Amino acid sequence: MTRECTYAVAPNIAFIKYWGATDLDSALPRNASISMTMSECASTTSVRCLEPGQPDEIWLAGIDGLVAAEGAFRDRALAHVERLREYAGVDHGLAVATRNNFPAAAGIASSASGFAALTVATLGALDKEVPAAELSVLARRSGSGSASRSVMGGYVQWPDGEDAEGPAVQLAAADHWDLRDVVVLVQQDEKKVSSLDGHRRAPSSPHFERRQELLPDRLAAVRSAIDSRDLAILGPVIEEDAIELHLIAMSSRPPIFYWLPASLTVLAAVRRLRDRGVEAWATLDAGANVHVICAPAAEEAVVAEMENLDGVHGVLRDRVGSGPKRLDRSLFAVTSS
Ligand code: DP6
């Protein structure tokens, strides 16, 4: 049996957002969503098998070594480890070490990459060969619905309705279309209201049902834009859907304001770029940071425009990625040396 396994898994940025659920305990979405899996941002997770009966361990790997995880994150990780152990039909303890190379819980889908990485690394450590579709379902059951999309590379759709329980499906591989995601950081600390609370409150917004009516056309437009690699079609639709998510959040009861003043500064800068003929479009998950989606040729202009704006702490250059990567090095070894 493989005793240890390490994976790096990237977050994904939703082009059409999952916002609102029919069953939050099982993370079943009210609407289908489409995302692009990222590449440079990543959650790296090592899982090591312990002896049967030994208690599970959850560690955060930082520059000073391993620190025991605490609070809600620890509880969610332990519950998911238990779920995966049951699925695999084993009884020994598991030690988990994990780290992100980007700010967590600030609109860069750290739960998606974190729970997807925990899922693939645990099953790898247990030497279980699990098809990607099954990994997607298992990752979703962590409660982070968007994790179901991060086990796939490229452009991914997570269906709704009767298919919501099923896996997310790849619409196109990463090499189909080289899109860039310049993540403009205006917030480094964690958002105050979780996505879970956002999903819970979403139906109380008067705009929630209206969005459901608009989504079938929007989803079709995004699928077709991906198919034909057409940023002029994709861009306006993804920007519109992101703004509508925040409109719903701001008009929920009680309201949620994820944006910071600098988020608006960045949105205005993206519009200025377009006025100058640079094709760049903004989207935001449940956080204040802004993802600017563009073609490779526009990336330098986007970075140059964003870097020196008031309230911007920095930019991360990311791009479409090909999905989970198994690594040879272990976070247990790296941090104890
Ligand atoms: C706005 O319930 O998957 O990012 O568990 O915090 O990752 P986390 O959130 P989840 O909701 C994601 C909401 C979203 C849109 C999206 O990714 O589709």
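The structure presented is a predicted model; accordingly, all values stated were derived computationally and were not measured. In what follows, residues are counted from 1 in the order of the sequence shown. In each ligand, atom 1 is the first atom listed, and ligand 1 is the first ligand listed.
Atom 1 (C) of ligand 1 has as its closest protein heavy atom Ala286 N, 3.5 Å. If you check which protein heavy atom lies closest to atom 13 (C) of ligand 1, you get Tyr18 O, 3.5 Å. Nearest to atom 11 (O) of ligand 1 among the protein's heavy atoms is His199 NE2, 3.0 Å. Atom 17 (O) of ligand 1 has its closest protein heavy atom at Arg149 NH2, 2.7 Å.
Atoms of ligand 1 lying under 4.0 Å from at least one heavy atom of Lys17, given by number and element, are 15 (C), 18 (O). The Ser111 neighbourhood of ligand 1 comprises atoms 5 (O), 6 (O), 7 (O), 8 (P), with distances under 4.0 Å to a heavy atom of that residue. Interface of Leu245 with ligand 1, defined as ligand atoms under 4.0 Å from a residue heavy atom, comprises 1 (C). Residue-ligand proximity, Ala14 to ligand 1, at heavy-atom distances under 4.0 Å covers atoms 16 (C), 17 (O), 18 (O).
With no hydrogens or angles considered, no side-chain donor-acceptor pair links Lys128 and Thr122 at under 3.5 Å. No hydrogens or angles considered: a donor-acceptor pair under 3.5 Å links the side chains of Ser35 and Arg149. Checked by atom type, the side-chain pair His207/Arg210 shows no donor-acceptor distance below 3.5 Å. Using modelled atom types and a 3.5 Å distance limit, the side chains of Asn100 and Ser43 yield a donor-acceptor pair.
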**Request:** Decide yes or no on salt bridge (charged side-chain N to carboxylate O under 4.0 Å, His left out) for Glu240 and Arg211, but give the supporting numbers first.
**Result:** CA-CA 11 Å; Glu240 189 175 281; Arg211 175 169 180 257; over 6 Å; no

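Closest non-hydrogen pair, Asn289 versus Gln187, comes out as OD1-N, 2.9 Å.
Of the polar atoms of Ser146, at least one N or O is found under 3.5 Å from an N or O of ligand 1, judged by distance alone. Polar contact with ligand 1: present for Ser144 (N/O pair, distance under 3.5 Å).
Considering Ser195, Ser110, Ala21 only, the shortest heavy-atom separation from atom 6 (O) of ligand 1 involves Ser195.
Val182 pairs in a side chain to side chain contact (heavy atoms under 4.5 Å, CB included) with only one of the listed residues (Glu307, Glu299, Arg319), which is Glu299.
Using bins of under 30°, 30° to 60° and over 60° for the plane-to-plane angle, the ring pair Trp19/Tyr258 lands in the perpendicular bin.
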